[in-house]
Amino acid sequence: MKVCIIGLGYIGLPTAAMFASAGASVIGVDRNPNIIEALGRGEILIEEEGLSDMISRAVSEGRLRGSMTPEKADAFIIAVHTPITAVKKADMTYVAEAAEDIVPYLRAGNTVILESTSPVGTVDSLMLPILERSGLAAGKDFYLGHSPERVIPGSILKELVNNSRIAGGINKESAKRIADIYRLFVQGEIYTTDTRTAELCKAAENTFRDVNIAFANELAVICENLGVDVWEAIELCNKHPRVNIHQPGPGVGGHCIAVDPWFIVEKQPDTANIINLCRNTNDSMPAHVASEIRAILAGVPDPVVCVLGLTYKPNVGDMRESPILHLISILKAQGIAVRAFDPYVKDEADICETLEEAAAGSDLILLGVHHDQFKNLPFERLGPLMRRRSFYDTRNFIPAADAEAAGFNCYLLGGK
Ligand SMILES: NC(=O)c1ccc[n+]([C@@H]2O[C@H](COP(=O)([O-])OP(=O)(O)OC[C@H]3O[C@@H](n4cnc5c(N)ncnc54)[C@H](O)[C@@H]3O)[C@@H](O)[C@H]2O)c1
C-alpha cells in the first residue's frame with residue numbers, strides 16, 4: 001500500500017514512521033522545505049522519544065520519502081495544523097489547502113482521511129466539495145472520513161500503536177476502509193462511526209479535560225479566598241470512590257486542550273455555555289497568578305521575577321499556547337522584569353542559560369512548570385544570588401520546607 005501523508009509535524013511524522021515500519025510505501029508531504037530537506041537526510045526537526053531512529057531507518061530502507069507536493073497513492077492522510085484565530089475561531093485554511101493539493105492525484109478506489117482535529121462538519125462541508133472537483137464521487141468512487149489522533153507528546157509512538165481509535169466515514173464503506181488502513185499498525189480497538197460523530201468525539205475529549213481543569217482552577221481561587229489549601233482538599237475529596245478532581249495550575253496550554261473546546265463553542269455559541277466559561281476560566285489563570293505576584297512584591301522597587309519553566313507541560317520543549325508565556329507578558333506589562341530559564345528551551349531570545357543566571361538579582365522565584373529537573377532546586381545556592389528570597393509554586397511541586405530552610409518566604413497557588 002502507498003500512503004501519502006500531508007503535514008509532517010508532531011502527528012504526521014510519527015504516523016508516517018508507523019506506516020513505513022508496517023511495510024507501506026510512504027510519501028511525506030510538507031510545505032516547509034526545512035522539514036523535507038531534513039527528511040532527505042533521514043533527520044527530523046522535532047523531538048519525540050524513539051522517532052528519530054525510526055525515521056532514519058525508514059528513509060534509509062527506502063520506505064519513506066519526503067516531497068513538497070503530494071503524489072498518487074492508495075490513501076491520503078491529512079495531518080496539518082488546525083489553529084484558532086485571534087477571535088477563537090478554527091482556522092481551516094491548512095485543511096482546505098491540503099484537500100485542494102490532493103485533487104489532481106485522487107483516483108478511483110483511493111481513501112482520504114482527515115486526522116487533524118477539526119470542527120464538526122469539516123469533512124462533509126469543507127473537504128468533500130473540494131475533493132469532488134476531481135470528478136469522482138465521495139463514498140462511491142473514493143472513500144472519505146475522519147480518524148482523530150489521541151496521542152500524547154512524549155509517548156506518541158507507543159500510543160499510536162496501543163490507543164484505541166475512531167474511524168468515522170461519510171458512509172459505512174468509508175469507515176470500514178479507514179479502519180482497515182490503520183489496522184496496519186494499530187493494536188488498540190478501532191471503532192467505526194460517521195464523520196460528524198468522530199469530529200465531535202475528539203473535540204469533546206479535550207473539552208472534558210478542559211472543563212475538569214477549570215473546576216480545579218476555580219476551586220483553587222475559592223480556597224485561597226477561604227483560607228483552605230486546595231491541594232489538600234482535592235486529595236481528600238479524591239478519597240471518595242466516585243470523585244476525581246483534576247489538579248489546578250497557572251492555566252492550560254498546548255495546541256489541543258486550550259484550542260479544541262473553541263471548535264465546539266464556534267458551532268454552538270448559544271448552547272456551549274459551560275464550555276465557554278471553562279475555557280475563559282483557564283485562560284484567566286495567568287492573570288490571577290500575576291496579581292498574586294504583584295501583591296507579594298508590593299512596595300519592592302523595580303521588582304524582578306525569576307520564572308522557571310516556559311513550556312505548556314513538564315519534561316518537553318513545546319511552548320505552544322503555554323500559559324507561562326502569557327503570565328510573563330502580563331508581568332512585564334505591569335512593570336515587573338522577568339528572568340526566565342527552562343532546561344528544555346534553548347536558543348530563544350531573553351532566556352537565561354542557567355538557573356543561577358535567572359535567579360541572580362531577582363526578588364522571587366516562580367515555579368511555572370514542574371519539570372523533573374526542578375524537583376531539587378538548590379535554594380541554598382540560589383538564595384545568596386537574589387535580592388529578596390520569595391518562592392511561588394504554581395504546581396505544588398516542591399515542599400515549602402525545602403525553600404524555607406534556605407530563608408525563603410513560600411507561597412502556593414491555591415494555598416492557605
Ligand atoms: N501534537 C499533538 O500532540 C496532537 C495530538 C492530537 C491531535 N493533534 C492534531 O493533529 C493536527 C496536527 O497537529 P501537529 O501538532 O502535528 O501540527 P504541526 O504544526 O506540528 O504540523 C503541521 C504541519 O503541516 C504542515 N502543513 C500545513 N499545511 C500544509 C499543506 N497544505 N501541505 C503540506 N504541509 C502542510 C506544516 O508545515 C507543519 O509542518 C492538529 O489538528 C492537531 O490539533 C495533535
Side-chain angles (χ1 to χ4, degrees), residues 4-18 26-39 44-49 51 55 66-71 73 76-85 90-105 112-120 122-123 126-127 130-131 146-160 163-166 198-199 201-210 252-264 311-313 315-322:
C4 179
I5 299 182
I6 296 145
L8 297 179
Y10 287 89
I11 293 301
L13 260 183
T15 305
M18 281 296 161
V26 182
I27 309 296
V29 180
D30 205 290
R31 285 184 170 178
N32 180 341
N34 298 334
I35 293 178
I36 299 305
E37 268 168 39
L39 196 56
I44 58 174
L45 305 178
I46 55 170
E47 285 199 19
E48 177 60 37
E49 179 79 27
L51 184 60
I55 291 282
S67 170
M68 298 284 290
T69 50
E71 294 179 14
F76 295 89
I77 295 180
I78 296 179
V80 298
H81 48 313
T82 45
I84 42 167
T85 63
D91 178 356
M92 300 311 290
T93 328
Y94 305 99
V95 169
E97 288 173 356
E100 280 160 14
D101 291 347
I102 291 172
V103 172
Y105 306 97
V112 181
I113 307 167
L114 174 68
E115 274 206 17
S116 308
T117 308
S118 303
V120 171
T122 299
V123 170
L126 178 70
M127 287 178 63
I130 294 174
L131 293 167
H146 177 49
S147 186
E149 210 36 88
R150 293 158 152 174
V151 291
I152 185 164
S155 292
I156 293 183
L157 296 178
K158 281 190 208 114
E159 293 209 349
L160 272 173
N163 286 2
S164 67
R165 67 187 301 149
I166 296 173
E199 288 161 340
C201 283
K202 171 66 197 182
E205 289 161 11
N206 283 339
T207 302
F208 169 85
R209 303 196 55 215
D210 200 46
V252 172
H255 42 282
C256 289
I257 300 179
V259 169
D260 302 349
W262 293 121
F263 293 177
I264 300 181
T311 57
Y312 83 87
K313 63 177 213 155
N315 306 323
V316 298
D318 193 339
M319 293 195 290
R320 289 183 287 180
E321 310 289 331
S322 170

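Note that ligands are numbered from 1 as they come in the structure, with each ligand's atoms numbered from 1 the same way. Everything quoted here is computed from the prediction, not taken from an experiment. Quick note: residue numbers are just sequence positions, from 1.
Remark: E159 does not engage R150 in a salt bridge, criterion side-chain N to carboxylate O under 4.0 Å. Taking the charged nitrogens against the carboxylate oxygens, E115 and R165 do have a contact shorter than 4.0 Å, which makes a salt bridge. With salt bridges taken as basic N to acidic carboxylate O contacts below 4.0 Å, one links R31 and D101.
Of all atoms in ligand 1, numbered sequentially from 1 with element shown, those under 4.0 Å from a heavy atom of E149 are 6 (C), 7 (C). Residue P153 has at least one heavy-atom neighbour below 4.0 Å for each of these atoms of ligand 1: 3 (O). Each of the atoms 6 (C), 7 (C) of ligand 1 lies under 4.0 Å from some heavy atom of K202. Contact atoms of ligand 1 toward G7: 23 (C), 24 (O), 25 (C), 34 (N) (distance under 4.0 Å to a heavy atom of the residue). Taking every non-hydrogen atom of I35 and a distance limit under 4.0 Å, the qualifying atoms of ligand 1 come out as 39 (O). Proximity to A98 (heavy-atom distance under 4.0 Å) selects the following atoms of ligand 1: 31 (N). For ligand 1, the atoms sitting less than 4.0 Å from at least one non-hydrogen atom of I6 are 32 (N), 33 (C), numbered in the order shown with element in parentheses.
Geometrically, ligand 1 and N32 share no nitrogen or oxygen pair separated by less than 3.5 Å.
Residue contacts with ligand 1, taken as heavy atom pairs separated by less than 4.0 Å, do not involve I46 at all. Contacts of E100 with ligand 1, taken as heavy-atom pairs under 4.0 Å, are absent altogether. Contact annotation: for A79 versus ligand 1, heavy atoms closer than 4.0 Å belong to the backbone alone. Under 4.0 angstrom from ligand 1, the non-hydrogen atoms of D101 all belong to its side chain.
R320 pairs by the side chain to side chain contact (heavy atoms under 4.5 Å, CB included) definition with Y10, H255, D318, not counting sequence neighbours.
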